[in-house]
Structure formats: C-alpha cells, structure tokens
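Predicted model, so just to flag it, every value in this text is computed and none were measured.
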Amino acid sequence: MAVTVRTRYAGSPTGYLHIGGAWNCFFVWLFARHHAGVMVIRIEDTDRARSTQEYEQTILEDLRWLGLDWEEGPDVGGPFGPYRQTERFDLYGRYARELIERGGAYPCYCTPGELETERRRAQQRRLPYRYSGRCRELLPAERAASEAEGRRPAIRVRIRDVGRSIVVEDLVRGQVEFSPEHLDDYIIVRSDGSPLYNFANVVDDHLMEISHSIRGAEHLSNTPKQLVMYEALGWTPPLFAHLPVILGTDRKKLSKRLGDTALRDYRRQGYLPEALRNFFALMGWYPEEDREMYTLEELIAKFRIEEIGRSPAVFDLSKLNWMNGVYMRQMMERDSYRVVDLAVSILQQHGLLPEEVTEAHRTYVARVVEALGDRIKVGEDVLTYGDFFFRDVAFDPAAVERYLRDPQVPALLTALAERIESGDGLSRQAAEEAVRRLAEERGMHSRELIHPVRVALSGKTAGPGLFELMEVLGRERVVGRLRAAAASTVV
RNA sequence: GCCCCCAUCGUCUAGCCAGGCCUAGGACGUCGGCCUUUCAAGCCGGUAACGCGGGUUCGAAUCCCGCUGGGGGCACCA
C-alpha cells in the first residue's frame, strides 16, 4: 500500500513565524522528505482581524531562509489551490450547508453577548461552561422569527449527540480517548459566514488530500471535534501526529507575544539556518544516542515520526549558541566567503557599512573576520568583538579602569606610537617586534604592555590577538588611537 | 474548575515498548586544569537525574495503581 504522503504546514499570518512554528514546520518537512511525499504550505488567515499580507510574506521568506521548500503553497500554486483560506470561503460555505443537511450541524442565533452572559453565569456558580443548547432544536418558525429580527446565525456542530467516546489514533501519542460529555457543540462558522479554524482545517485537509496531519500538541484537544465533522461528512480523516509543545525558559509555551521568539530575530542576529535545523532536530527527537551533529541528508534519512518524544521541550538557547559556533567554525574553514557575507550584512544593519559594498570593503571585512576567527559564534559577534574595526573606540569602563590607570601608561603608549610611526607599514611581525622590544627595554613583562595597548586600540579586554588586530587596523589608526588614549588618560 | 497530555542531570536527551547488560550513557551549561598577550576555540578532568508512595517480580528507571508536579486545551483565536 504505497500511499502518497501529503503533508502540510498550516501557518497563520498573525505575526512573524516563531521558533515553535519553524520547528513544527521543519518536522513536517522532514516527514514529507523522508517519505518522498508532497509538502504543502497553507495559509490559515480566517482570522481577518489579525492576519496580514505582510506577515504571510515574512513567514514564507523565513521558511525559505531556513532551507525548507514546498511543492504546493500560496506562492507556488498547485493542483489543490487556492492555498489561502480566505480565498476558499465558498468551499466552507458549501460544506457547512452539507453538514447541516446531514444533521451534523445547526444554525445558532445566540449573539456573542448572550453567550457571554451564559458563560459568566456558569463561572459564578463555578460550573464548567457549556452552551445552553438553546438553538439545538429550533423549529422552522422560530428560525424565521430570529431571521426576521435581523439575526444572522452562526453554525454549530452537533457534538453532544455523539453517544460514545471518541478515540484519536495519534502517531506519536498512541490512542487518546475523549468522552463526549466533556465536549460541546462548537461554533464552526461565524455569523458573518467566515469559518473557524477547526472547520476550515477539516475541509482543507480533506480537499487537499492531506494524508498526515502533523501539528502541535495544543491541537490534540481539538482533534475529537474535528473527527466528529469528518464522520458527519462521510470523510476519512488523515492520520494525526501531535508534536510536543516547545516551552520557553519560563516553562511556558513559546508565543509571539513573548518577543525574541521570532525566527527572524535569530536570522538578524546572524544564526545559521543549518545550525538551527540541526538544533531543531534535537528537540523532541534524537536521531542517534551519542551524536549531536547531522547533515540534512542524514536527518531526512533517519527521521521517524514514531520516535518523537511526548513531553514538552524547553528551548535551550545556550545549546543553540554552541551549535551555531560549531557550524560557524566549519563554515570559516570551508566557505569563509559566507561568513564574510554574513558579517557584511550585520555591519550594514548597524550602519557600519554602506548599502553598496565595494570589493575593498569586502576585502577589509574578510581580514577582520580572519582576525576574529572562532570568536564568531553568531554573526553579531563581529560587533561584540570587532566593532572598533569599523568605528571609533567605545571604551569599556572596566577595561579602562584595569589597564589604563597606571600613571606610566600614557608615556608607554606614546613611546610605542612613535616607534610604529617611524617604521614603514605595520605587519603583524612588525607590530609584535615593536611591542615586545619596548617591553623588554623597559624591563617589563610583555603582557604588561599588551593589555593597555589592546584597551587603547579596541576599548575591550577581549578580542583577537593584539598583533593581528594592529595589522588589520593599520599603522595610521594604531598610532592615532595610541596617542588619543595617552592624551585622555593623562587627565 | 473541567478535559487531555507529560514526568531520567539546570537544559536537550539515550535507556522504557520486548524488566537484569544501568554502581543510568551522550551533549549543552557549569566548575577546575592545560594551552595562552586577553577573550574565544581546543584538550583533560569534575559536577549533576530515574519526582514521591504503594504494588507485581528472584530482580523495576523500565510493568500496574495512586499522589504530586509540569504543560496544553476548554472562544463567533489559530
């Protein structure tokens, strides 16, 4: 039974794609690729108040950046389109009517205000809220009366009549049983005619012939409601797989509100897509017992949805940082131009390089990157360790306090400046020679000179080797900065 | 409150389904050391977990029950 795997990621454009969504989509994608199936992207924008075109764009962009691709979607089209739910409203209307005809749903004329009152009353009595069921068995005359009042009905699915428990067969969780008495008749179409998630999702998954519905565990409790609809419509539901929820350090579900959970922010800070993917693979799943690093091909080959864990996972930033560093070092060796590209874009973001970079700019950045070496774990480290290559020194007060306060420092810096100035050029060998010789002549340990010089030139106590740093900075700037530091510390 | 899910080091997890191979393995972090002009990187070493209580069994991290804890869901959000 060679069933074609068709799976989908359903994103709602109500904000930037966040880490949890990206992770979810990555697993959906791995599954599709492992089974040589079809990956579909569907935009679930039925919440018109919060959805925007811009967000849809950014979600697609971010997924592409992550390295994912899809055969069908709003931007690439496909045989089951459209792939944007707002463009499928007629479909939902049609199946809502069919559902009513089959007795699986009914119009409900209660207004949001009335329902709110019911809800509050239940709350006061400390009872779990359930819909009163007022519109469940309306006579045609009563409907007409409501219509005459100008009421537009919402549509509710009939769930309370299901006399037996509903079992969800979940690929990662096994069988999960829900008793119908805890389920409620649920609104699937708003009074303005727009569908709600649970309904649109069912209609689309069926029409798009989705074979596997892979989504976050927050949807597990929705599943019985959806199963009721599949059955009422006479449809075969897809296979379900509910992925564990990704938690923040506060042990709460990562959400768009929390900030800094947007994939885009990681991109901006200079994280690498390959590192993110590898890191994602280690959340909720572990391809092998004693290994962390995998190529994409390996992940695709090894991916087995049954092996996914069931417990929520905390997003561990420090592990991501480590892994990004590993990939960064690798890239430095194999494709250093990519690190340069990354550095350039980070510098541009911060206004330290113009929009149009010249070959000379790139060459300079390449030298900086080389000097910084594996201190760059994330793109932004170019700034944290090497901003002074691109702008005036911003002195770290603690560094100044520690290394520039000695009264003999200004004279030393001046003396060094003089020697360097009189030499020609400033290779790292020349720099080293000048520094070491001066130290020797003054009868001091070289590090006693090296530290103050580093602070004078970079403003920091940490960074690339001093002599490389001096070479990249060049004679003129080195001399200027040494003098400037000497002058300001005299005070 | 009700429903559902989950439970191994601080974190990601292996082991659990097919109980002994587990004095519980790996990784991140953290701590110490080496290297070193600083910081990284690298190398070496240490730290740290089967939530609790009952069963079942010769034997339980592994199976069963309860408790506790954590998470998710209960919208005319997705």
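- Between the CZ atom of A:R160 and the C1' atom of B:rC74 there is a distance of 14 Å, given to the nearest Å.
- At whole-Å resolution of the value, CG in A:N222 and C1' in B:rC5 are 14 Å apart.
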**OP:** Begin with the C-alpha distance, continue with both residues' side-chain angles, and end with the deciding distance and a verdict on side chain to side chain donor-acceptor pair (under 3.5 Å) for A:Y197 and A:N222.
**Re:** CA-CA 10 Å; A:Y197 164 78; A:N222 283 323; 5.0 Å; no
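- A donor-acceptor pair shorter than 3.5 Å cannot be found between the side chains of A:E380 and A:Q269.
- Two residues, A:E288 and A:V245, neighbour RNA chain B, and the one matched to the more 5' nucleotide by heavy-atom proximity is A:E288.
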**OP:** Go through A:F389 and A:L473 one step at a time and tell me if the side chain to side chain contact (heavy atoms under 4.5 Å, CB included) criterion holds.
**Re:** CA-CA 7 Å; A:F389 283 118; A:L473 228 34; 3.6 Å; yes
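- Nucleotides B:rU13 and B:rA75 place their P atoms 30 Å apart, quoted to the nearest Å.
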Original post:
A:L17 and A:Y9: side chain to side chain contact (heavy atoms under 4.5 Å, CB included), yes or no, with the steps?
Top reply: CA-CA 12 Å; A:L17 178 69; A:Y9 175 69; 3.7 Å; yes
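- When the P atom of B:rG72 is taken as reference, atom CG of A:L220 falls 14 Å away, rounded to whole Å.
- Nearest-nucleotide positions on RNA chain B for A:R173 and A:E292 put A:R173 closer to the 5' end.
- B:rU57 is unpaired under the criterion used here, namely a Watson-Crick or G-U wobble arrangement in which both key atom distances are under 3.5 Å.
- B:rG42 is paired with B:rC34 under the Watson-Crick or G-U wobble criterion, all donor-acceptor distances under 3.5 Å.
- Scanning for side chain to side chain donor-acceptor pair (under 3.5 Å) contacts around A:D205 gives A:R8, A:R42, with sequence neighbours left out.
- Distances were taken from every side-chain heavy atom of A:E289 (C-beta onward) to each of B:rG25, B:rC77, B:rC39; the shortest belongs to B:rG25.
- Taking a cutoff of 4.0 Å between a charged side-chain nitrogen and a carboxylate oxygen, A:R160 and A:E181 do not qualify as a salt bridge.
- Side-chain contact annotation: A:S213 with A:H219, donor-acceptor N/O pair under 3.5 Å absent.
- The stretch residues 178-193 of chain A comes close to RNA chain B through A:F178, A:H182, A:I187, A:R190, A:S191, each having a heavy atom under 4.0 Å from the strand.
- In this structure, A:R454 and A:T461 approach most closely via the heavy-atom pair CD-O, 3.5 Å.
- Taking atom OH of residue A:Y286 and atom P of nucleotide B:rC12, one finds them 11 Å apart after rounding to whole Å.
- Of the C1' atoms belonging to B:rG15 and B:rC77, the separation is 40 Å, rounded to the nearest Å.
- Across all strands shown, the partner of B:rA27 is B:rU11, judged by Watson-Crick or G-U wobble contacts whose two distances both fall under 3.5 Å.
- Nucleotides B:rU47 and B:rC28, compared at atom C1', are 14 Å apart to the nearest Å.
- When heavy atoms are screened at a 4.0 angstrom cut-off, A:R454 is found touching base atoms of the nucleic acid.
- Here the separation of B:rA24 from B:rC9, taken at their C1' atoms, is 10 Å to the nearest Å.
- Rounded to whole Å, the C1' atom of B:rU8 lies 4 Å from the corresponding atom of B:rC50.
- Across the strands present, B:rC2 finds its partner in B:rG73; the criterion is a Watson-Crick or G-U wobble pair with both atom distances under 3.5 angstrom.
- Residue A:R251 places none of its side-chain N or O atoms closer than 4.0 Å to OP1 or OP2 of B:rA7.
- Look at the P atom in both B:rC63 and B:rG20: the space between them is 11 Å, to the nearest Å.
- With hydrogens and angles left out, the side chain of A:R447 and the base of B:rU38 share no donor-acceptor pair within 3.5 Å.
- Under 4.0 angstrom from either OP1 or OP2 of B:rA41 there lies at least one side-chain N or O belonging to A:K377.
- Looking at heavy-atom distances under 4.0 Å, A:P224 makes no contact with the nucleic acid at all.
- In the set B:rG26, B:rC28, B:rC74, the nucleotide with an atom closest to the side chain of A:K225 is B:rC74.
- When the side-chain nitrogen and oxygen atoms of A:K252 are compared with OP1 and OP2 of B:rG71, one or more of them lie within a distance under 4.0 Å.
- Of the candidate nucleotides B:rA27, B:rA78, B:rC76, B:rA27 has the atom lying nearest to any side-chain atom of A:W322.
- Spacing between atom CD of A:E380 and atom P of B:rA40 amounts to 18 Å, rounded to whole angstrom units.
- Among the heavy atoms of the strands lying under 4.0 Å from A:G465 is at least one base atom, whether or not backbone atoms are also near.
- Here the side chain of A:E218 is nearest to one of B:rG73, B:rC12, B:rG29, namely B:rG73.
- In this structure, A:F27 has its ring center under 6.0 Å from that of A:F303.
- In this structure, B:rC52 and B:rG66 make a Watson-Crick or G-U wobble pair, each of the two defining distances being under 3.5 angstrom.
- For the C1' atoms, the distance from B:rG51 to B:rG71 is 16 Å, rounded to whole Å.
- You'll find a donor-acceptor pair under 3.5 Å spanning the side chain of A:R375 and the base of B:rC39, going by distance alone.
- When the C1' atom is compared between B:rC17 and B:rA60, the two are found 15 Å apart, to the nearest whole Å.
- Nucleic acid contact for A:C110: base, since at least one base atom lies under 4.0 Å from a heavy atom of the residue.
- If you check every strand for non-hydrogen atoms under 4.0 Å, A:L466 touches a base.
- Note on A:H219: a base of the nucleic acid sits closer than 4.0 angstrom, heavy atoms only.
- The CG-P distance, from A:L243 to B:rC5, rounds to 17 Å in whole Å.
- Remark: the A:R190 side chain and the A:S194 side chain contain an N/O donor-acceptor pair separated by less than 3.5 Å.
- Within 4.0 Å (heavy atoms only), A:L115 reaches at least one base atom of the nucleic acid.
- Side-chain rings of A:F315 and A:F279 approach one another, their centers coming within less than 6.0 Å.
- Among the heavy atoms of the strands lying under 4.0 Å from A:E177 are primed sugar atoms or P, OP1, OP2 only; no base atom is included.
- The phosphate of B:rG73 (OP1 or OP2) has a side-chain N or O of A:K253 nearer than 4.0 angstrom.
- Look at CG on A:L247: it is 15 Å from P on B:rC6, rounded to the nearest Å.
- Under 4.0 angstrom from either OP1 or OP2 of B:rA40 there lies no side-chain N or O belonging to A:R329.
- No contact: A:S446 has no heavy atom under 4.0 Å from any strand.
- When only modelled atom types and interatomic distance are considered, A:E118 and A:Y129 share a side-chain donor-acceptor pair under 3.5 Å.
- An OP1 or OP2 oxygen of B:rA78 is reached within less than 4.0 angstrom by a side-chain nitrogen or oxygen of A:T46.
- Atom pair A:R310:CZ and B:rC17:P shows a separation of 12 Å (rounding to whole Å applied).
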